[in-house]
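Below you'll find the structure, written out as structure tokens, and then a few comments.
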2 protein chains.
Amino acid sequence: MNLSTMIKNEGLQLENQLCFRLYSLTKLMGRHYAPVLKKLGLTYPQYLVMLVLWENNNITSAISVKQLGDKLDLDSGTLSPLLKRLEKQQLLRRHRNPKDERSVEIKLTNAGCQLKVEAQGIPAQMFSVTGMSIDELHKLNSQLDNLLANMS
Amino acid sequence: MNLSTMIKNEGLQLENQLCFRLYSLTKLMGRHYAPVLKKLGLTYPQYLVMLVLWENNNITSAISVKQLGDKLDLDSGTLSPLLKRLEKQQLLRRHRNPKDERSVEIKLTNAGCQLKVEAQGIPAQMFSVTGMSIDELHKLNSQLDNLLANMS
DNA sequence: CAAAATTAAATTGTGCACAACCAAAACACA
DNA sequence: TGTGTTTTGGTTGTGCACAATTTAATTTTG
């Protein structure tokens, strides 16, 4: 496809659309993650939240909903109920920051911290599903990073 | 990142995850599409359905919900209510196939067919948002196609 | 042919995403 | 200082995605 065909007509074909590929691939990824994460009692977005908390080691320190939203590019309309579900599962605790009552701070519980051990194998397992080499993965990652930067 | 670091620990970092990039990029794409599609009264998944119907020229011929689901990789739990919303907007019509009463057939209305004209500019417009060259787009598309094939 | 298995949609329930709106708290600064 | 603005999180409503179940129709097979 060149620019003129895109502008004229064939651009409307599903085949030609980058966005449809990203959309399909994201759904497909989700289906591969689902059974693996189910063993930990997590959905994919919940897993992302746990990744941030594990990475930050938020068992002594805390992170605000705002900061979490910045990291994951999600707003409070998504995060608030999600965090409440994780709190109900005893994986984290939420409490208002006494210094700034607008802010809600998130901390891992012991159970939430320990769940990290069970998640250790997931990245390698998911990598194997892609059928890619490490080198290909790197290249694709950096292309997607460029695209993210361009579109943000 | 090499295999041993992935297997050991750093693999759990958000930074390293292909899937998070796809997930973020898909959401970002959706946000760029939303205002453009709003002018046509469509959401992104609704736009995808319309793309299939336009491509197939389903104004004389019809396509079943099943076939639509195969093309878009969506099940009836998603498509049924979505198609009812598009029918309410008079963009398409649904009716049971008399030859096989299990199947529901979808046809464009005149209004649905005419909406294609207003959508002509969207692919080029969205392409410009990516900031990519045609050549880069091609390469990325084929890498994503490989990944889709590997994971399906 | 009749019973069993398969297929196609729809329905129900859960969990994101996100827009739009709200309330409370903190901040700015004239 | 008091008042207008900004920040933060929450709530509500809409629309996907998808698992699980249901219903009806068709196909397979014994």
Side-chain angles (χ1 to χ4, degrees), chain A residues 19-20 22-35 37-38 40-50 62-89 94-106, chain B residues 19-20 22-35 37-38 40-50 62-89 94-106:
Chain A
C19 193
F20 181 59
L22 293 171
Y23 164 80
S24 299
L25 208 38
T26 298
K27 284 190 299 172
L28 193 51
M29 281 281 192
R31 286 180 216 143
H32 282 281
Y33 269 97
L37 292 177
K38 197 168 189 177
L40 314 198
L42 297 174
T43 65
Y44 183 71
Q46 289 169 5
Y47 170 67
L48 291 180
V49 166
M50 295 305 289
I63 185 173
S64 69
V65 174
K66 169 71 174 153
Q67 290 172 300
L68 214 38
D70 288 343
K71 282 243 186 197
L72 297 175
D73 194 20
L74 289 171
D75 70 3
S76 68
T78 301
L79 283 176
S80 288
L82 186 155
L83 290 168
K84 284 182 183 175
R85 282 187 284 273
L86 290 178
E87 188 180 39
K88 200 176 289 179
Q89 293 179 49
R94 298 174 324 121
H95 43 68
R96 294 268 164 197
N97 182 347
K99 305 275 186 187
D100 185 343
E101 288 284 344
R102 293 171 306 178
S103 173
V104 168
E105 307 282 329
I106 306 297
Chain B
C19 193
F20 180 59
L22 292 171
Y23 163 80
S24 299
L25 209 38
T26 298
K27 283 190 298 171
L28 193 51
M29 280 282 192
R31 285 180 217 144
H32 282 281
Y33 269 98
L37 291 176
K38 197 169 190 177
L40 313 198
L42 297 175
T43 65
Y44 184 70
Q46 289 169 6
Y47 171 66
L48 291 180
V49 166
M50 294 305 288
I63 185 172
S64 69
V65 174
K66 169 72 174 150
Q67 290 172 300
L68 214 38
D70 288 343
K71 281 241 185 195
L72 297 176
D73 194 20
L74 290 171
D75 71 2
S76 68
T78 301
L79 284 177
S80 289
L82 186 156
L83 290 168
K84 284 180 184 176
R85 283 187 284 271
L86 290 178
E87 188 179 38
K88 199 176 289 179
Q89 292 179 50
R94 300 173 322 119
H95 42 71
R96 294 267 163 197
N97 181 346
K99 304 274 185 190
D100 185 342
E101 289 282 347
R102 293 171 306 179
S103 173
V104 167
E105 307 281 329
I106 306 298

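Letters go in sequence order (proteins before strands), and every chain restarts at 1.
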Open item on the list: If you apply the rule side chain to side chain contact (heavy atoms under 4.5 Å, CB included), what do you find for A/Gln46 with A/Leu40, and how did you get there?
Closed with: CA-CA 10 Å; A/Gln46 289 169 5; A/Leu40 314 198; over 6 Å; no
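Atom CG in B/Leu83 sits roughly 12 Å away from atom C1' in C/dA10 (whole-Å rounding). The distance between atom CG of B/Leu72 and atom C1' of C/dA9, rounded to the nearest whole Å, is 16 Å.
Between chain A and DNA chain D, the heavy-atom contact criterion of under 4.0 Å yields a 5' to 3' nucleotide range of D/dT7 to D/dC18.
The closest donor-acceptor contact from the side chain of A/Asp70 to the backbone of A/Asp73 lies at 3.5 Å or more, if one exists at all. Not one N or O on the side chain of A/Thr26 forms a donor-acceptor pair closer than 3.5 Å with the backbone of B/Thr26. Remark: the backbone N or O of A/Arg94 is paired with a side-chain donor or acceptor of A/Glu87 at under 3.5 angstrom. At least one donor-acceptor pair closer than 3.5 Å links the side chain of A/Ser64 to the backbone N or O of A/Gln67.
Nucleic acid contact class of B/Thr43 (heavy atoms, under 4.0 Å, all strands): sugar-phosphate only. Residue-level contact check: B/Leu82 touches the backbone only, with heavy atoms under 4.0 Å from sugar-phosphate atoms and none from bases.
Note on A/Arg96 versus A/Glu101: no salt bridge recorded, every NZ/NE/NH1/NH2 to OD/OE distance being 4.0 Å or above. Between A/Asp100 and A/Lys66 there is no salt bridge, since no side-chain N of the basic residue sits under 4.0 Å from a carboxylate O of the acidic one.
Below the 3.5 angstrom threshold, one finds no donor paired with an acceptor across the side chain of B/Ser76 and the base of C/dA8.
Comparing A/Lys38 and A/Thr78 by the nucleotide of DNA chain D whose heavy atom lies nearest to each, the residue mapping closer to the 5' end is A/Thr78. In terms of position along DNA chain C, the nucleotide closest to A/Asp75 lies nearer the 5' end than the nucleotide closest to the other residue of the pair A/Asp75 and A/Asn97.
When all heavy atoms of B/Leu42 and B/Tyr47 are compared, the pair lying nearest together is CD1-CA, 4.1 Å. In plain terms, the two heavy atoms of A/Pro45 and A/Leu82 that are nearest each other are CB-CD1, 3.8 Å. The two residues A/Cys19 and B/Met29 have their closest heavy-atom pair at SG-CB, 3.6 Å.
B/Tyr23 and A/Tyr44 have perpendicular rings, their planes meeting at more than 60° on a 0 to 90° scale where under 30° would count as parallel.
Only A/Lys99, A/Asp100, A/Glu101, A/Arg102, listed by number, bring a heavy atom of residues 98-106 of chain A to less than 4.0 angstrom from any atom of DNA chain C. Listed by residue number, the members of residues 23-34 of chain A with any heavy atom below 4.0 angstrom from DNA chain D are A/Tyr23, A/Lys27, A/Arg31.
Not one side-chain nitrogen or oxygen of B/Arg94 sits closer than 4.0 Å to the OP1 or OP2 atom of C/dA8.
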